[in-house]
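Given the structure is predicted, the values throughout are model-derived calculations rather than measurements.
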Amino acid sequence: MKILYISTVCSKKKYDELFKLCNGNLLHSIQNFHTSILNCLNDENNVTALSGIPISPKQTKKRIFKVSRDKENNIEYISPFFINLYIIKNIFMIFGIIYYTLKWVIANRKDKNLRIIIDSAYVSVAPIVVFFAKVFKIPIVAIVADIYDYMFLNVNKNHDTNLFNIVMSKILSYCWKNYDGFIFLTEPMNNLLNRKSKPYKIIEGFASDLIDVNNVKKNNKKIILYAGGLLEKYGILNLIKAFLKFDSEDYELHFYGSGELVDKIIAYSNEYDNIKYLGNIRHDELQKKYAEAFLLVNPRGNDAEYTKYSFPSKTIDYLLSGTPVLTVKLFGIPEEYYQYLYSIDDNNVNTICNKLLEISNKSEEELKMIGKNGQKFILNNKSKNYQSKKINDLLIKVGDEKNEC
């Protein structure tokens with residue numbers, strides 16, 4: 001089938017250019033997730049990826065971005081022209097996405113086996129794309145990787161009389177009623193948002209095959225590593241305090257990523273030799289760091305409502321490395337994962353510290369075993385082949401149901 005994929009994902013070549021342009025200040029998780037879905041589609045389908053470049057005036061001083069066309073792994077990537085200024089960029093992107101979507105639809109109008117897949121968070125273009133899909137009777141599947149639109153719809157909350165929220169609510173309600181199928185990160189997302197019981201699949205992530213982590217040697221220092229958003233709400237400060245309380249000269253605490261706490265982490269690193277902030281690095285380089293570490297951690301708390309509707313993408317990358325993983329037990333992580341993880345019920349300082357002490361006293365054999373078992377679980381259950389079948393089954397089903405209507 002022919003597929004139009006609308007998101008902010010771009011080709012590897014373009015992403016590498018942007019990565020250098022922004023000094024690494026890009027979200028790896030979004031790029032990796034959508035690239036993995038595209039790679040699941042490209043073996044049996046003709047795929048065009050229409051991409052709104054994920055960059056802002058804050059990230060770079062470059063202002064003019066020309067139309068970009070790349071071909072990678074049999075996928076054609078198209079990014080519209082835009083001027084990188086606040087508001088103006090969004091206007092250019094909206095009209096660019098609309099133009100290329102309509103062009104693709106008209107060019108393929110005689111083909112009866114078309115599908116459109118769209119990132120539901122791309123709210124500025126979603127209503128127009130949904131309208132085109134409805135007019136031309138093309139099945140459309142929404143990828144729901146967060147609950148941005150859930151917040152605007154004020155589900156289970158008092159109705160907000162703010163004009164912007166009212167308009168957004170109407171627009172997003174129109175989209176949700178007309179999507180033909182969904183790809184969700186978690187089952188609670190489906191329970192919350194799929195009110196009409198449309199076809200859906202749960203795809204929380206993918207086993208990457210960028211590097212052979214089995215050939216990576218452990219660091220001489222026992223490194224406890226966190227990678228991702230460096231935000232207070234993710235429990236980062238509690239992790240630092242727990243590590244200092246744990247206080248072993250044999251261990252180092254390493255941070256990779258960006259966020260509001262970078263300056264504080266740097267301040268800690270200036271005061272303590274065994275705490276280090278190492279910035280943003282490429283995903284393949286980060287995977288090597290995972291494999292070299294003693295323990296990978298995710299101290300994000302489970303007290304917020306959104307954790308039901310979020311699967312931390314780092315969980316799969318962590319497990320794939322073969323390094324033991326410690327996480328707070330989150331609602332969005334399926335129960336099947338926990339036999340391959342070390343887990344705690346909350347991210348209080350004492351809770352984290354006690355678990356670090358417990359893990360540090362485990363035998364090398366046990367640590368290797370849980371790491372290898374976790375890696376095997378991801379390779380067997382989150383591989384490209386395994387996830388490809390789920391996605392293609394969904395695309396076939398939404399097409400069949402559309403034809404029956």
Check: [X] side chain, [Y] main-chain N or O, donor-acceptor pair, under 3.5 Å:
X    : Y    : answer
K89  : I55  : yes
N194 : K198 : yes
R69  : I78  : no
D119 : A121 : yes
K308 : M189 : no
D346 : N348 : yes
Q59  : S56  : yes
T8   : I53  : no
N42  : N73  : yes
K382 : L379 : no

Verify the neighbour count for atom [atom1] of [X]: are there more than 12 heavy atoms of other residues, nucleotides or ligands below 6.0 Å?
X    : atom1 : answer
D273 : CG    : no
K221 : NZ    : yes
I64  : CD1   : yes
K376 : NZ    : no
N220 : CG    : no
F136 : CZ    : yes
K71  : NZ    : yes
F95  : CZ    : no

Mind listing the closest non-hydrogen atom pair of [X] and [Y] along with its distance?
X    : Y    : value
A145 : L185 : O-CD1, 3.2 Å
F294 : P324 : O-CD, 3.6 Å
D111 : N113 : OD1-N, 2.8 Å
Y174 : P127 : CE2-O, 3.8 Å
I117 : I3   : CD1-CG2, 3.9 Å
I391 : I37  : CD1-CG2, 4.1 Å

Trace of the salt bridge (Lys or Arg N to Asp or Glu O under 4.0 Å) decision for D70 with K14: CA-CA 8 Å; D70 295 304; K14 175 61 67 174; 5.6 Å; no

Centroid-to-centroid, [X] to [Y], below 6.0 Å?
X    : Y    : value
Y256 : Y226 : no
F311 : Y337 : yes
Y5   : H34  : yes
F182 : W176 : yes

Quick one: are [X] and [Y] in side-chain contact, heavy atoms under 4.5 Å?
X    : Y    : answer
E72  : Y77  : yes
I281 : K289 : yes
I116 : V129 : yes
N274 : F243 : yes
I118 : I140 : yes
L295 : L356 : yes
I97  : P80  : yes
K13  : E17  : yes

Test salt bridge (Lys or Arg N to Asp or Glu O under 4.0 Å) applied to D393 and K389, step by step: CA-CA 6 Å; D393 286 348; K389 185 177 185 308; 2.9 Å; yes

Distance (rounded to the nearest 0.5 Å) between [X] [atom1] and [Y] [atom2]:
X    : Y    : atom1 : atom2 : value
Y386 : C40  : OH    : SG    : 12.5 Å
I352 : F246 : CD1   : CZ    : 12.5 Å
E260 : L231 : CD    : CG    : 5.0 Å
S360 : K362 : OG    : NZ    : 10.0 Å
Q31  : S11  : CD    : OG    : 8.0 Å
F377 : I316 : CZ    : CD1   : 8.0 Å

Parallel, tilted or perpendicular, as decided by the 30° and 60° cut-offs, for the rings of Y15 and F19: tilted

Plane angle bin for F82 and F65 - parallel if under 30°, tilted between 30 and 60°, otherwise perpendicular: parallel

Chi angles and distances behind the side-chain contact (heavy atoms from CB on, under 4.5 Å) call for N392, N45: CA-CA 9 Å; N392 279 298; N45 306 291; 3.3 Å; yes

Does any donor atom in the side chain of [X] or [Y] lie under 3.5 Å from an acceptor atom in the other side chain?
X    : Y    : value
N84  : K61  : no
T327 : R300 : no
N302 : N347 : no
E285 : H283 : no

Flag the pair [X] and [Y] as a salt bridge only when some basic side-chain nitrogen lies within less than 4.0 angstrom of an acidic carboxylate oxygen.
X    : Y    : value
E204 : K314 : no
K12  : D16  : yes
E292 : K288 : no
E365 : K368 : no
K329 : D345 : no
K384 : D43  : yes

Set of residues satisfying side chain to side chain donor-acceptor pair (under 3.5 Å) with respect to K2, sequence neighbours excluded: N108

Option passing side chain to side chain contact (heavy atoms under 4.5 Å, CB included) with L244 (candidates L253, I275, L239, V349): I275

Working for side chain to side chain donor-acceptor pair (under 3.5 Å), residues Y200 and E187: CA-CA 10 Å; Y200 75 98; E187 192 67 43; 2.7 Å; yes

